[in-house]
Amino acid sequence: MNPDHILSQLNQEQKIAITQMNCPVLVLAGAGSGKTRVIVYRIAYLISIGVNPWEIMAVTFTNKAAEEMKGRIESILQGNCIGMKISTFHSFCAGFLRKEIGLLDYNNSFSIYDETDSLSLVKECLKSLDLDKRSIYSPERILDEISNAKNSICDFRNVNDEVGFEDENIQKLYFLYQKKLRENNALDFDDLLVKTLEIIYRFPEVLERNKYKFIHIDEYQDTNRLQYFLVKAFAGNGENLFVVGDEDQSIYGWRGADIRNILQFEKDFPNAKVISLEQNYRSTKPILNVANLLIRNNSIYRGKKLWTQREGGEKVKFYNAIDEHDEALFVGEEIEELVRNKGYNYSDCAVLFRTRAQSRVIEEAFLEKGIPYKLIGAVGFYHRREIKDIICYLRLISNPYDFFALKRIINQPRRGIGSKTIEHLEKIHSQRPFPIDEFEKVAKDLKLQNEKSFMLDKVIDFSLLIKQIREKYTEFDLGKLVDYVLKKSGYLKSLKSVKTEESEARIENLNEFKSKAIEFSRENGNNLEEFLSRLSLINDVDNLSSEKGFVNLLTLHCAKGLEFANIFIVGLEEGLLPHWNNIYKLETLEEERRLCYVGITRAIDNLFLTSAKRRLIFGKTVIPRFSRFLLEIMSSDIENLTNVPYFNTDGFNAQGLECKVRGKEGKVKRGGKEFQPGRESVDVDFREEYKNLAEKVKDCVCFNVGDMVLHKYWNEGQIVSIKDDELFVAFPSQGLKRFEKSNAQHYLNKIERK
DNA sequence: AGCTAAAATGTTTTT
DNA sequence: CATTTTAGCT
């Protein structure tokens, strides 16, 4: 393929970007401006001018994006690109470590623990340190702290000295957690990055044999510190480093993504060329209008403006539903309309929500209406019991030190090995880790015969089973191996002996797993470790491209990088989007706004926004307010949201927005499946509503210590102290909560005392 | 030891 | 409301 032909398919800025050589390049690519396209064509261009594919590496954020990118490059070059490395940070590191981790005294058949595994491990640690998990030491928090600590390491030559906690219990937990991982010859997600860096820092020569000359990073705004260090390590001074990103789409701050990485690129890599792409090739004008109106409320905002040549386009539609069922029905009806009369396919539609819990109601409505849908990114399949079981068998076969996996399956199916025996076994393992297939020898060394209540024979039987499978597993292809394990272990037999629908389904699932294994070995060769890596690191976003004819239901986070003709964003309410947890701090609030922005900019032709007047949360009805994001979109003259009361009554201007509300509420009957709203479409004036809200706010602008206040969700509370711009309120149900003075009025209503 | 039933606890997003 | 954990029972 000749280079000129490749360049002819790009606009001026894109062309400039991809032809830069021997200098660091940052492409600031607005939503829909061809971000991925730029990387794809850059790589194709490099190969077309004679660069060797194996000198090229690209990192994307999801496995799906990586696959897609590979496919597109292959089709441009007609397959002439074997050897280029395109993967996520995590799977890149996993591959690196499979080769090199021996340097750190791990075995290269290490297991990768996913978040669920890590969480269980933390729970174990809590138990053995005798800490109450419902105190401040909740497993989730601990895991979070550990992850944060790993993300703030700077010197990877002495990783252990670098990780410190103020709380000594957490420090202990951390050490125990790491110790257990090591005993199991296992790594968690962060460790994949940390260990890679540790090797590079301690054994610089390793880098030489793992070098890539041309490095590309997609979604640079979402890289965390560890990933940033990886980029630095592999890219050196940045010569031929090519990163693409958009600070307005940074939505992974909570996972340690550091927006500074992109903001400071020019400092990190001197002589960098920065190229902005602002022409949007995706959305209609009204959609872009709304997107711009929203995002300009952020303080971290470079002020670029997306524009499009596309003329016309439907207005953005807003529906204020009665409750979440009504909302779901609205979405369903509109989709039916789009499919029936506008010539769209179901798969041209996507419903985006902030929290997974929101999907259920929508699913119910779709089921009732007979709208086919796919829930994207739900853990579903791989978290089913039988699937986890078979994975643990495979893990143990690959990595016989994995005691964690062992515990799950040693008595699955029943082998008469109870908790007492397992406890004992674990004690031995934690003193001197051993591979299960050599247990017989260990037992002899330790003279375990005398132990009471220890099912020695049965454990030996089990260890022999694993040993037997291990002796042959490299000969089998993965499909056969799955079969063999299920048969030898008696797992299948015990499932078959119970003749319930449930067990039938389990067997069915195991068959599906087998075909996945076969498929994998056909495409990637017969490598169990690779297969297991893939299983831990993959997420089900793959469901997306594979099947047509289904409406896609996904979280806003999942939607990053995707596009659909018709987008529905549901639940635009204070507390949901923006989410409660992120409302009180400017940085997190702005991230919520970016999240909303990401959602809006996924739309090609039609954008629908919905909210509900009442919603069931935690089994309780709440009456939410409009999301401030909605109001920002509607009142276009607010300069900076966080300093201005967000329901401004002046300058109301529903630009690009068409509002629909149900006419009469009286007619609505809620009850089982009878719910049939019968929608009416009218233009509505929101000003009345704003006025009411604004008056409420005016009433309670000044707070004093001792005032009683009412909070939407936490009910009654009392102001206990006010200092500087902070305000502390005690709620009987919640304890002490902090508010920013400038914001407090939006959440608290003063109660007059009699 | 292993199961069932009741109680508690938790939902933000994911590699 | 829904899932997970625990207690209490056989």
Side-chain angles (χ1 to χ4, degrees), chain A residues 59-66 87-94 112-120 123 126-127 132-135 138-141 143-144 147 150-151 187-193 218-219 222-224 226-227 230 250-257 324 352-361 364 376-379 382-383 411-412 414-423 453 455 533-541 554-561 571 575-583 588-589 591-592 594-596 598-599 615-622:
Chain A
V59 181
T60 62
F61 208 68
T62 65
N63 291 291
K64 184 192 145 284
S87 57
T88 64
F89 275 107
H90 291 266
S91 52
F92 174 81
C93 289
I112 300 170
Y113 284 6
D114 67 22
E115 187 137 356
T116 329
D117 299 326
S118 302
L119 205 61
S120 316
K123 283 180 190 162
L126 282 163
K127 214 172 251 171
D132 186 1
K133 66 171 187 240
R134 69 196 82 170
S135 67
S138 78
E140 290 79 13
R141 186 197 154 195
L143 208 55
D144 210 43
S147 179
K150 286 179 179 174
N151 263 291
L187 304 176
D188 68 11
F189 282 156
D190 292 319
D191 280 348
L192 289 172
L193 310 184
D218 198 7
E219 311 278 12
D222 281 324
T223 48
N224 64 26
L226 293 173
Q227 292 163 340
L230 279 167
S250 156
I251 53 173
Y252 283 91
W254 51 275
R255 224 178 66 196
E324 69 272 22
L352 314 185
F353 35 80
R354 177 66 239 262
T355 70
R356 290 231 103 91
Q358 288 169 262
S359 75
R360 183 186 307 265
V361 188
E364 280 167 14
I376 311 297
V379 271
Y382 293 103
H383 277 235
N411 203 30
Q412 200 66 251
R414 298 270 136 74
R415 298 189 174 89
I417 301 173
S419 57
K420 283 269 142 44
T421 304
I422 294 175
E423 260 169 48
S453 74
M455 302 292 168
S533 286
R534 181 72 73 91
L535 289 177
S536 317
L537 295 172
I538 210 154
N539 74 28
D540 293 26
V541 181
L554 57 165
T555 63
L556 285 158
H557 282 89
C558 275
K560 190 176 79 164
L576 217 46
L577 181 62
H579 194 274
W580 281 122
N581 298 359
N582 296 338
I583 259 172
T588 56
L589 177 65
E591 182 156 314
E592 294 284 309
R594 290 194 291 268
L595 192 56
C596 189
V598 166
R615 183 181 294 276
L616 214 57
I617 290 176
F618 276 132
K620 266 193 188 157
T621 301
V622 296

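Note that the coordinates shown come from a computational prediction; the quantities given were computed from them, not determined experimentally. In what follows, chains are A, B, ... by sequence order, proteins preceding strands, each numbered from 1.
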Between A:Asn151 (side chain) and A:Ser147 (backbone), is there a donor-acceptor pair under 3.5 Å? yes
Would you check if the side chain of A:Ser536 reaches a backbone N or O of A:Ile112 as a donor-acceptor pair within less than 3.5 Å?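 Side chain of A:Ser536 to backbone of A:Ile112, a donor-acceptor pair under 3.5 Å: yes, one is there.
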Using both distances under 3.5 Å as the test, list the Watson-Crick or G-U wobble partner of C:dT10, or none.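 Paired with C:dT10, as far as the under-3.5 Å criterion goes, is B:dA1.
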Return the pairing partner of B:dT12 with a 3.5 Å limit on both distances, Watson-Crick or G-U wobble; otherwise return none. none
May I ask you to decide if the ring planes of A:Tyr252 and A:His557 are parallel, tilted or perpendicular, using 30° and 60° as cut-offs? perpendicular
Is the closest side-chain donor-acceptor distance between A:Glu115 and A:Ser118 under 3.5 Å?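 No donor-acceptor contact under 3.5 Å links the two side chains.
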Starting from [atom2] on [N], measure out to [atom1] on [X] and report it in whole angstrom.
{"X": "A:Leu556", "N": "B:dT14", "atom1": "CG", "atom2": "C1'", "result": "14 Å"}
{"X": "A:Phe61", "N": "B:dT14", "atom1": "CZ", "atom2": "C1'", "result": "8 Å"}
{"X": "A:Glu140", "N": "B:dT14", "atom1": "CD", "atom2": "P", "result": "16 Å"}
{"X": "A:Leu119", "N": "C:dT5", "atom1": "CG", "atom2": "C1'", "result": "13 Å"}
{"X": "A:Arg354", "N": "B:dT13", "atom1": "CZ", "atom2": "P", "result": "7 Å"}
{"X": "A:Arg141", "N": "B:dT9", "atom1": "CZ", "atom2": "P", "result": "18 Å"}
{"X": "A:Leu589", "N": "B:dT12", "atom1": "CG", "atom2": "P", "result": "17 Å"}
{"X": "A:Glu324", "N": "C:dC1", "atom1": "CD", "atom2": "C1'", "result": "11 Å"}

From the options B:dG2, B:dT13, C:dC1, select the nucleotide whose nearest atom is closest to the side chain of A:Asn411. B:dG2
Check: A:Trp254 side chain, B:dT13 base, donor-acceptor under 3.5 Å: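 It does, because a donor-acceptor pair links the side chain of A:Trp254 to the base of B:dT13 below 3.5 Å.
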Could you check whether [X] gets within reach of a base, just the sugar-phosphate, or nothing at all, counting any heavy atom under 4.0 Å?
{"X": "A:Asp190", "answer": "nothing"}
{"X": "A:Glu591", "answer": "nothing"}
{"X": "A:Phe89", "answer": "nothing"}

[N] phosphate, OP1 or OP2, under 4.0 Å from [X] side-chain N/O:
{"X": "A:Arg356", "N": "C:dA2", "answer": "no"}
{"X": "A:Thr555", "N": "B:dT14", "answer": "yes"}
{"X": "A:Lys123", "N": "C:dT4", "answer": "no"}

Can you tell me how far P in B:dT13 sits from the matching atom in C:dT4, rounded to whole Å? 14 Å
Output all residues satisfying side-chain hydrogen bond (donor to acceptor under 3.5 Å, both in side chains) with A:Lys560, sequence neighbours left out; order by chain, then residue number. A:Asp222
By a 5.5 angstrom centroid cut-off and a 30 degree plane limit, is there stacking between A:Tyr252 and B:dT13?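 Per 5.5 Å and 30° rule: no stacking.
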Would you call A:His579 stacked on B:dT12, i.e. ring centres under 5.5 Å apart with the planes less than 30° off parallel?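 Stack criterion met.
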Taking the six-membered ring where the residue is Trp, are the ring centres of A:His579 and A:Trp254 under 6.0 Å apart?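 No.
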